[in-house]
Novice: 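Pasting in a structure now, in structure tokens, and then I'll have a few things to ask.
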Amino acid sequence: MSNLQPVRGTHDLLPEDRRRHRHVEDVAMATSGLYGFEEMATPIFEFTDVFARTLGDTSDIVTKEMYTFETKGGDKITLRPEGTAGVARAFISNGMAQHAPIKVFYNGPMFRHERPQKGRQRQFHQFGVELIGVEGPQADIEVIALAHQILGGLGLADQVKLEINSLGDVESRSAFRTVLVDYFKSYESELSEDSRDRLGKNPLRILDSKNEGDRKIIAGAPDFAEHLNDASKLFIDTVQTGLTDLHIPFERNPNLVRGMDYYCHTAFEFITTELGAQGAVLAGGRYDGLIGQMGGPSTPGVGWAAGIERLAMLSDVSPTRNRPISVIPVSADLGSKAQTLVQDLRNAGLFIEFSFTGNMKKRLKRADKSNARAAVILGEDELKDGNVVLRDLDSGEQKVILLSDVAQTLKSNYG
RNA sequence: GCGGGUGUAGCUCAGUUGGUUAGAGCGCCUGAUUGUGGUUCAGGAGGUCGUGGGUUCAAUCCCCAUCACUCGCCCCA
């Protein structure tokens, strides 16, 4: 073993880090439950086609960021770079259309071969929701309301800002695309190299270029909102009205577009300025064409995904470990007696740490380190009369109680 | 994939204009207190100075490469 570093872009989550992630997940899951979403899980890898066909030939994710390999059986496999494609595939594979609409959430690791940065790892974790089978804008409002409530539950309401935009339906988008290409063509020589490249592949993406020269040209570009057809216009207006009615603040950002091809109508992002270049903490949109395009029954859908790492970094909350009660035998030959007591107390539903080694001083010190609330001390002198010492570690007060009363006393004092 | 910065103890960081035993705070261990923690005091352990190569009598320090982290671009959660 020559290298004990973890693979680039991967990290160990030690208990403290994991606790922070877990808190984010707990809030997200509990809140999703209130909205009637249920957890599901799909495999961490899929056939490469599942992602390659759905994310779009021009997306960076497909063209350069996927972990793809061939199995011994010759199958082309990819570690999932995002969650929606897998859920859509599962929707089709399991004939879930008959149960539509379905409301699910997922939670787990995703993989993208990008250059690591703060808030951007190669293995990272996403929590996401999908609402599949509802055509109307109420579904969009519902998933955004859920996102808003989760972020609020994490205490991040003031640190993030919601931006939304409409990508229109297929008709609107292709019409706008023509208009947009015409416009940018007339400035082609002044565009950045990246944007010139996008002109042929995905001209909408030019709109969110950060290049300064591009920005000037974009400022004069045609506005998608003015090129939406009536149906698309009504759709996004309804979403906006709904958000306003629910007192969810948002801003329309005409330059908000999506990296993945399957989005239409509503696109939204909750963004922050506190994570440097990694501004998006939760983002999603509507993907009516996706399931049909994968070969399933034409089914609309809307959803989003949130980066657990980014949310955890943003959140000030550092949840503390539960506080145990320590059981300490004074001498080694009381070990088995102590072990029995420990077992009884755990069976009674109490969080007990058994102090294995060391002298009294050491064991109490360790109990203190573990943030124990109390220590039950077993000593020969007290045991002769069937007693033990119960010491409260916050106050330092201790009293002698009957061994047979320990469980009940602990439950009433610390349960 | 492109450009900049950083890498010294478990953690946060000093330091060496190239020269004998590389320091601090926190943490850890031991003792004062062999049946009582959090405070205090005394002592102690812990370092391939990221890795590999080069220059030099001599490299933790200079040079090159490489790895990791980090900031920006890109992309996105």
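Below, chains carry the letters A, B, ... as their sequence lines are ordered, and counting in each starts from 1.
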Novice: In this structure, which one of A/L345, A/I325, A/D344 forms a side chain to side chain contact (heavy atoms under 4.5 Å, CB included) with A/V406?
Specialist: A/L345
Novice: Please report the distance, rounded to the nearest Å, between CD in A/Q121 and P in B/A77.
Specialist: 15 Å
Novice: Which nucleotide wins on minimum distance to the side chain of A/K361, given the candidates B/U33, B/U70, B/A77?
Specialist: B/U33
Novice: Without hydrogens or angle criteria, can the side chains of A/T244 and A/T241 be said to hold a donor-acceptor pair below 3.5 Å?
Specialist: no
Novice: Send over the distance from A/D197 CG to B/G1 C1', rounded to a whole Å.
Specialist: 13 Å
Novice: For the pair made of CD in A/Q123 and P in B/A77, what is the distance, rounded to whole Å?
Specialist: 17 Å
Novice: Identify whether the distance between the nearest side-chain nitrogen and carboxylate oxygen of A/R286 and A/D288 falls below 4.0 Å.
Specialist: yes
Novice: Round to a whole Å and report the spacing from CG of A/N387 to P of B/G35.
Specialist: 20 Å
Novice: Just by distance, no angles: are the side chains of A/N387 and A/E382 close enough, under 3.5 Å, to form a donor-acceptor pair?
Specialist: no
Novice: Which nucleotide wins on minimum distance to the side chain of A/Q117, given the candidates B/C71, B/G35, B/A77?
Specialist: B/C71
Novice: Measure CG/A/N371 against P/B/G38 and give the value in whole Å, please.
Specialist: 15 Å
Novice: Which residue, A/A283 or A/V7, contacts RNA chain B at a nucleotide closer to its 5' end, judged by nearest heavy atom?
Specialist: A/V7
Novice: Nearest to the A/E380 side chain among B/G35, B/C76, B/G37, which nucleotide is it?
Specialist: B/G35
Novice: In whole Å, what is the span from the NZ atom of A/K369 to the P atom of B/G27?
Specialist: 8 Å
Novice: Over all strands shown, is A/D394 touching base, sugar-phosphate only, or nothing at heavy-atom distances under 4.0 angstrom?
Specialist: base
Novice: Of the nucleotides B/G37, B/C71, B/U36, which has the atom closest to the A/Q398 side chain?
Specialist: B/U36
Novice: Considering only side-chain heavy atoms of A/K365, which listed nucleotide, B/G35, B/U30, B/G37, is closest?
Specialist: B/G37
Novice: When you match A/H11 and A/I308 each to their closest nucleotide on RNA chain B, which lands nearer the 5' end?
Specialist: A/H11
Novice: Quick one: are the ring centres of A/F105 and A/F37 less than 6.0 Å apart?
Specialist: no
Novice: Would you measure the distance from the P atom in B/U60 across to the matching atom in B/G7 and give it in whole Å?
Specialist: 16 Å
Novice: For B/C41, give its Watson-Crick or G-U wobble partner with both distances under 3.5 Å, or none.
Specialist: B/G31
Novice: Distance between the C1' atoms of B/G47 and B/G10, in whole angstroms?
Specialist: 12 Å
Novice: Give me the distances for all protein-to-nucleotides 5-9 of chain B N/O pairs that come in under 3.5 Å?
Specialist:
none

Novice: Provide the distance between the two P atoms, one in B/U33 and one in B/U8, to the nearest whole Å.
Specialist: 41 Å
Novice: What interatomic distance, in whole Å, is found between P of B/C71 and the corresponding atom of B/U12?
Specialist: 15 Å
Novice: Taking atom P in both B/A77 and B/A9, compute the distance separating them and give it to the nearest angstrom.
Specialist: 37 Å
Novice: Tell me whether the rings of A/H227 and A/F176 are parallel (<30°), tilted (30 to 60°) or perpendicular (>60°).
Specialist: tilted
Novice: Once you round it to whole Å, what is the distance between P of B/G35 and NZ of A/K399?
Specialist: 25 Å
Novice: List the atom of A/I291, the atom of A/F91, and the distance in Å for their closest heavy-atom pair.
Specialist: CD1-CD2, 3.8 Å
Novice: Would you say the side chains of A/D333 and A/S331 form a donor-acceptor pair under 3.5 Å?
Specialist: yes
Novice: Have a look at A/I328 and say if it touches a base, only the backbone sugar-phosphate, or nothing, with a 4.0 Å heavy-atom cut-off.
Specialist: nothing
Novice: Measure from the side-chain heavy atoms of A/R8 and tell me the nearest of B/A77, B/C69, B/G37.
Specialist: B/C69
Novice: From the set B/C76, B/C71, B/G35, return the single nucleotide nearest to any side-chain atom of A/M360.
Specialist: B/G35
Novice: Can you check the A/E269 CD to B/C76 C1' distance for me, whole Å?
Specialist: 8 Å
Novice: Give none if B/U60 has no partner; otherwise give the nucleotide forming a Watson-Crick or G-U wobble pair with it, both distances under 3.5 Å.
Specialist: none
Novice: Under 3.5 Å, is there a donor-acceptor pair between the A/Q121 and A/T10 side chains?
Specialist: no
Novice: Using purine N1 to pyrimidine N3 plus N6-O4 or O6-N4 for Watson-Crick, or N1-O2 and O6-N3 for G-U wobble, both under 3.5 Å, which nucleotide pairs with B/G72?
Specialist: B/C2
Novice: Any donor-acceptor pair under 3.5 Å between the side chain of A/D368 and the base of B/G38?
Specialist: no
Novice: Over all strands shown, is A/G119 touching base, sugar-phosphate only, or nothing at heavy-atom distances under 4.0 angstrom?
Specialist: base
Novice: Does B/C13 have a Watson-Crick or wobble partner in any strand here, with both distances under 3.5 angstrom, and which is it?
Specialist: B/G23
Novice: Do A/E190 and A/R196 sit within salt-bridge range, that is, some charged N less than 4.0 Å from a carboxylate O?
Specialist: no
Novice: Of all the choices, B/U36, B/C74, B/A77, which nucleotide is nearest to the side chain of A/V389 once you look at every atom?
Specialist: B/U36
Novice: Measuring only the P atom in each nucleotide, how far is B/G52 from B/A59? A whole number of Å is fine.
Specialist: 14 Å
Novice: Evaluate the ring planes of A/H21 and A/H125, with Trp represented by its six-membered ring, and classify them as parallel (under 30°), tilted (30 to 60°) or perpendicular (over 60°).
Specialist: perpendicular
Novice: Say you pick atom P in B/C73 and the same atom in B/U17; how far apart are they, in whole Å?
Specialist: 38 Å
Novice: Taking the minimum atom-to-atom distance to the side chain of A/L364, which one of B/A77, B/G35, B/G37 wins?
Specialist: B/G37
Novice: For residues 214-224 of chain A, which residue pairs qualify under salt bridge (Lys or Arg N to Asp or Glu O under 4.0 Å), counting only residues two or more places apart or in two chains?
Specialist: none
Novice: Roughly how far apart, to the nearest Å, are B/A45 and B/A24 at atom P?
Specialist: 12 Å
Novice: Between N or O atoms, less than 3.5 Å apart, protein on one side and nucleotides 42-46 of chain B on the other: list the pairs.
Specialist:
none

Novice: Ignoring hydrogens and geometry beyond distance, is the side chain of A/R391 in donor-acceptor contact with the base of B/G37 at under 3.5 Å?
Specialist: yes
